[in-house]
There are 2 protein chains.
Amino acid sequence: MADVKLPPHGASKHGINPLFLRDQELRQAMELLFFAYRDFTAEPDAILAQHGFGRAHHRALHFIGRHPGITVSELLGILRITKQSLNRVLGQLIEKGYVEQRQGTRDRRQRLLALTAAGHTLEERVSADQRARIAKAYREAGAEAVEGFRKVLLGIIAGAPDRARFERPGPPRR
Amino acid sequence: MADVKLPPHGASKHGINPLFLRDQELRQAMELLFFAYRDFTAEPDAILAQHGFGRAHHRALHFIGRHPGITVSELLGILRITKQSLNRVLGQLIEKGYVEQRQGTRDRRQRLLALTAAGHTLEERVSADQRARIAKAYREAGAEAVEGFRKVLLGIIAGAPDRARFERPGPPRR
DNA sequence: ATTTTACGTCAGCCATGTTGACTTATATGC
DNA sequence: GCATATAAGTCAACATGGCTGACGTAAAAT
């Protein structure tokens with residue numbers, strides 16, 4: 001690593017440095033992720049704003065919808081935010097009747113979270129554009145590309161525990 | 001669309017609804033994007049915080065680095081934020097000596113932006129983890145998967161103008 | 001000469017993250 | 001049974017990075 005010296009922008013006078021190409025390729029991927037995420041969230045954000053909500057509310061709705069009965073601390077582990085931040089969002093969703101809590105049976109300290117019917121409806125409305133966008137991208141790219149897309153994103157995701165989410169078909173039961 | 005009625009969570013008593021599988025697949029993609037983005041930004045955010053900067057600063061550094069001589073309004077078009085928001089970030093980067101402005105020659109109202117040497121160094125430091133993460137994911141997934149990854153992300157990105165960024169090899173000259 | 005464009009700036013608002021301190025109820029381990 | 005640990009909630013204060021709206025200046029375009 002220390003013996004490779006790149007010129008300021010990687011291109012030497014006598015041709016193109018292969019490490020420069022590599023860097024370009026990696027930065028292109030960074031941009032693809034940025035643009036995709038930017039466009040992926042634009043529409044949902046606009047719809048959420050009409051309800052006085054934000055992106056954080058959507059994330060909660062989504063994961064509660066996919067894992068009915070999820071506990072607060074499990075949700076915290078997924079979102080990687082503080083409980084104070086989550087509580088604000090969760091409180092608003094409960095107050096407006098999109099999320100319900102019930103006490104855990106095995107452990108009565110837990111609050112098991114679930115979407116109400118209204119919560120399901122809202123989540124569907126908010127995510128409609130995202131699902132359509134992915135459906136379109138998948139359709140255009142083909143099954144093989146979809147496999148590659150999954151593989152690479154999985155490689156970007158950090159730890160084993162999170163990756164495990166994508167190994168089994170259904171949500172974890174409680 | 002109106003004639004297809006899904007049971008609450010898509011699974012009927014007599015087998016699995018193919019539309020449910022489809023929905024699961026799309027939601028899985030949503031989650032992959034979320035987790036990848038979450039983990040992709042965690043390390044850079046930590047480094048930036050040590051410098052008193054945030055994610056917004058990194059985005060500016062990145063795009064200025066890739067498009068030396070970019071104008072303020074071009075950068076605004078890429079980031080899709082307001083000029084007031086960009087100005088705050090840009091002002092801090094200039095003040096601390098990571099970004100330089102010079103007056104446009106063709107149009108003297110323009111401020112052409114470029115990284116200083118310190119700016120380049122900082123950007124490299126901040127993006128090192130991201131590049132390593134992508135390099136690892138690319139290596140593990142293989143060339144074919146990388147092609148698929150690009151194809152699908154490109155399909156998710158909204159408009160023709162933005163996609164054009166990924167069609168040519170080099171940054172646009174000015 | 002007028003209008004439009006590129007950029008900058010001031011002021012204030014909101015969403016969403018943070019830290020730190022503290023409380024309550026319940027489980028768990030000795 | 002008591003001590004400790006855990007799940008969740010709460011209050012307060014703060015930072016970042018978006019936003020709107022209003023206004024200013026210089027230069028280009030018509």
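Proteins come first, then strands; the chains are lettered A, B, ... in the order of their sequence lines, and each starts at number 1.
- In this structure, I81(A) places its CD1 atom 13 Å from P of dG9(D), rounding to the nearest Å.
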**Item:** Derivation and outcome, side-chain hydrogen bond (donor to acceptor under 3.5 Å, both in side chains), residues R27(A) and Q130(B)
**Value:** CA-CA 9 Å; R27(A) 288 185 184 278; Q130(B) 294 188 330; over 6 Å; no

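- Salt bridge R133(A)/E43(A): absent, no basic N to carboxylate O contact under 4.0 Å.
- The nearest pair of heavy atoms linking A29(A) to F149(B) is CB-CE2, 4.3 Å.
- Of all heavy-atom pairs spanning G119(A) and L61(A), the tightest one is O-CD2, 4.4 Å.
- Following rounding to the nearest Å, L86(B) (CG) and dT20(D) (C1') show an atom-to-atom distance of 17 Å.
- Note on N87(B): every side-chain N or O is 4.0 Å or more away from OP1 and OP2 of dC7(C).
- Using a 4.5 Å heavy-atom threshold, the side chains of L113(A) and L90(A) count as touching.
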Between protein and nucleic acid, restricted to nucleotides 22-24 of chain C and to nitrogen or oxygen atoms under 3.5 Å apart, what atom pairs and distances do you find?
none

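- For the pair R80(B) CZ and dG17(D) C1', the computed distance is 18 Å after rounding to whole Å.
- In this structure, CG of L76(B) is placed 10 Å from C1' of dA6(C), rounded to the nearest angstrom.
- The distance between atom CZ of R111(A) and atom P of dA7(D), rounded to the nearest whole Å, is 13 Å.
- No N or O donor and acceptor, one from the side chain of Q84(B) and one from the base of dG12(C), sit under 3.5 Å apart.
- For the segment residues 40-63 of chain A, the set of residues with a heavy atom within less than 4.0 Å of an atom of DNA chain D is empty.
- Counting to the nearest Å, the C1' atom of dT25(D) and the CZ atom of R109(B) are 12 Å from each other.
- Comment: K151(A) does not engage E140(B) in a salt bridge, judged by the lack of any side-chain N to carboxylate O separation of less than 4.0 angstrom.
- Listed pair S73(A) / dA8(D) meets the phosphate criterion, a side-chain N or O lying under 4.0 Å from OP1 or OP2.
- If you check every strand for non-hydrogen atoms under 4.0 Å, Q92(A) touches nothing.
- The aromatic rings of F166(B) and F35(A) lie perpendicular to each other, with more than 60° between the two planes, well past the 30° mark.
- Within 4.0 Å (heavy atoms only), D107(B) reaches sugar-phosphate atoms of the nucleic acid but no base atom.
- Side-chain nitrogen and oxygen atoms of Q101(B) include at least one within less than 4.0 Å of the OP1 or OP2 phosphate oxygen of dG8(C).
- When the C1' atom of dT6(D) is taken as reference, atom CD of E74(A) falls 14 Å away, rounded to whole Å.
- Ion pairing between a basic and an acidic side chain is recognised when a charged N comes within 4.0 Å of a carboxylate O; R111(A) and E100(A) show no such pairing.
- With rounding to whole Å, L75(B) atom CG is found 11 Å from dG18(D) atom P.
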**Message:** Please determine whether salt bridge (Lys or Arg N to Asp or Glu O under 4.0 Å) holds for the pair R80(B) and D162(B), giving the CA-CA distance in whole Å, both sets of side-chain angles, and the decisive distance to 0.1 Å.
**Reply:** CA-CA 12 Å; R80(B) 303 262 174 95; D162(B) 274 339; 3.0 Å; yes

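- Across all strands, S85(B) comes closer than 4.0 Å to base atoms (heavy-atom distances).
- When atom types are taken as modelled, the side chain of H67(A) and the backbone of I64(A) share no donor-acceptor pair closer than 3.5 angstrom.
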